[in-house]
Amino acid sequence: MNLKIIGAGFGRTGTLSLKNALEALGFDPCYHMAEVGAHPEHVPHWLAATRGDAVDWTQIFGNFQATVDWPGCTFWRELLELNPDAKVLLSTRDPVSWHKSVMNTIYHAMTTRIPDGAPEALKAFQDFSRALVIDREFDGRITEEAHAIAVYERHYDAVRREVPSDQLIEYEVGSGWEPLCAGLGVPVPDIPYPNMNSTEEYQNRLAEARAARKAEAP
């Protein structure tokens with residue numbers, strides 16, 4: 001494992017766009033919660049990490065050069081200890097806007113009942129994401145705006161306090177290529193910055209997935 005970039009920012013801070021941006025800059029592949037869905041064999045390792053058990057991180061990250069979003073952001077300290085020269089990328093967003101986005105997107109995905117007959121891998125993925133994000137990260141109180149924002153702010157303050165300033169890159173959603181490339185010391189590419197996974201797009205995907213499962217039901 002040789003991570004060059006460790007994303008410490010919470011999900012719903014432009015992390016899917018960042019994943020694609022980092023891969024376009026050559027930090028490819030970049031781990032994201034979407035990778036857990038694509039690699040169900042990773043779920044037991046992440047569940048172990050969520051419980052606080054010892055984890056062989058190479059079983060998860062292998063040849064990945066970067067990670068953003070959950071689940072990696074929860075374990076930024078462990079990953080930085082193993083990759084001490086990595087840059088820590090802290091994606092930021094107005095906390096009130098962030099919480100609203102969480103409630104309108106990933107909260108529904110983590111709490112909507114999986115129908116009978118759905119693949120076991122889908123159920124395992126939902127169980128894991130709920131255990132990590134809702135239960136561990138937010139003490140089961142993610143719906144409470146004040147509590148969730150307090151957790152957000154504590155997390156961000158800890159990253160800013162503990163990561164050496166020359167390793168920390170703060171990136172605000174919507175800032176485009178320049179601050180990201182400046183922090184990484186790479187040229188700005190001649191392509192538009194990715195703009196992916198808006199609340200509307202996320203909700204549309206959820207609706208399509210529900211419709212597909214309903215159509216497949218006996």
Is there a chain of hydrophobic side chains (I, L, V, M, F, W, Y, each step under 4.5 Å between heavy atoms) that links [X] to [Y]?
X: F128; Y: V55; value: yes
X: F10; Y: L18; value: no
X: M33; Y: V43; value: yes
X: I106; Y: F125; value: yes

Measure from the ring center of [X] to the ring center of [Y] and say whether it is less than 6.0 Å.
X: W46; Y: W57; value: yes
X: H42; Y: Y31; value: yes
X: F138; Y: H147; value: no

Looking only at atom types and distance, does a side-chain atom of [X] sit under 3.5 Å from a main-chain N or O of [Y], one as donor and one as acceptor?
X: R130; Y: M110; value: yes
X: T112; Y: A109; value: no
X: Y171; Y: G183; value: no
X: H99; Y: A148; value: no

Problem set entry | Non-neighbouring partners of D53 that pass salt bridge (Lys or Arg N to Asp or Glu O under 4.0 Å), sequence neighbours left out |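 Counting only residues at least two positions away or on another chain, D53 forms a salt bridge (Lys or Arg N to Asp or Glu O under 4.0 Å) with R51.
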Exercise. Taking everything shown except E81 itself, do over 12 heavy atoms lie less than 6.0 Å from its CD?
Worked result: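 Atom CD in E81 is not crowded, with 12 or fewer foreign heavy atoms closer than 6.0 Å.
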For this session: Give a yes or no on this: more than 12 heavy atoms of other residues, nucleotides or ligands lie within 6.0 Å of atom CG of D166.
Result: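 Yes, the 6.0 Å shell around CG holds more than 12 heavy atoms from other groups.
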For this session: Could you walk me through whether K4 and Q65 pass side-chain hydrogen bond (donor to acceptor under 3.5 Å, both in side chains), step by step?
Result: CA-CA 5 Å; K4 296 180 174 67; Q65 295 196 56; 3.2 Å; yes
Exercise. If you round to the nearest 0.5 Å, how far is CH2 of W98 from OG1 of T13?
Worked result: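 It comes to 9.5 Å.
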Problem set entry | Shortest non-hydrogen contact between P189 and C181, atoms and distance |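 That would be CD-SG, 3.9 Å.
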For this session: Sort and list the pairs that fulfil salt bridge (Lys or Arg N to Asp or Glu O under 4.0 Å) and have at least one residue in residues 63-79, not counting sequence neighbours.
Result: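 Salt bridge (Lys or Arg N to Asp or Glu O under 4.0 Å) check on residues 63-79 returns R77-E162.
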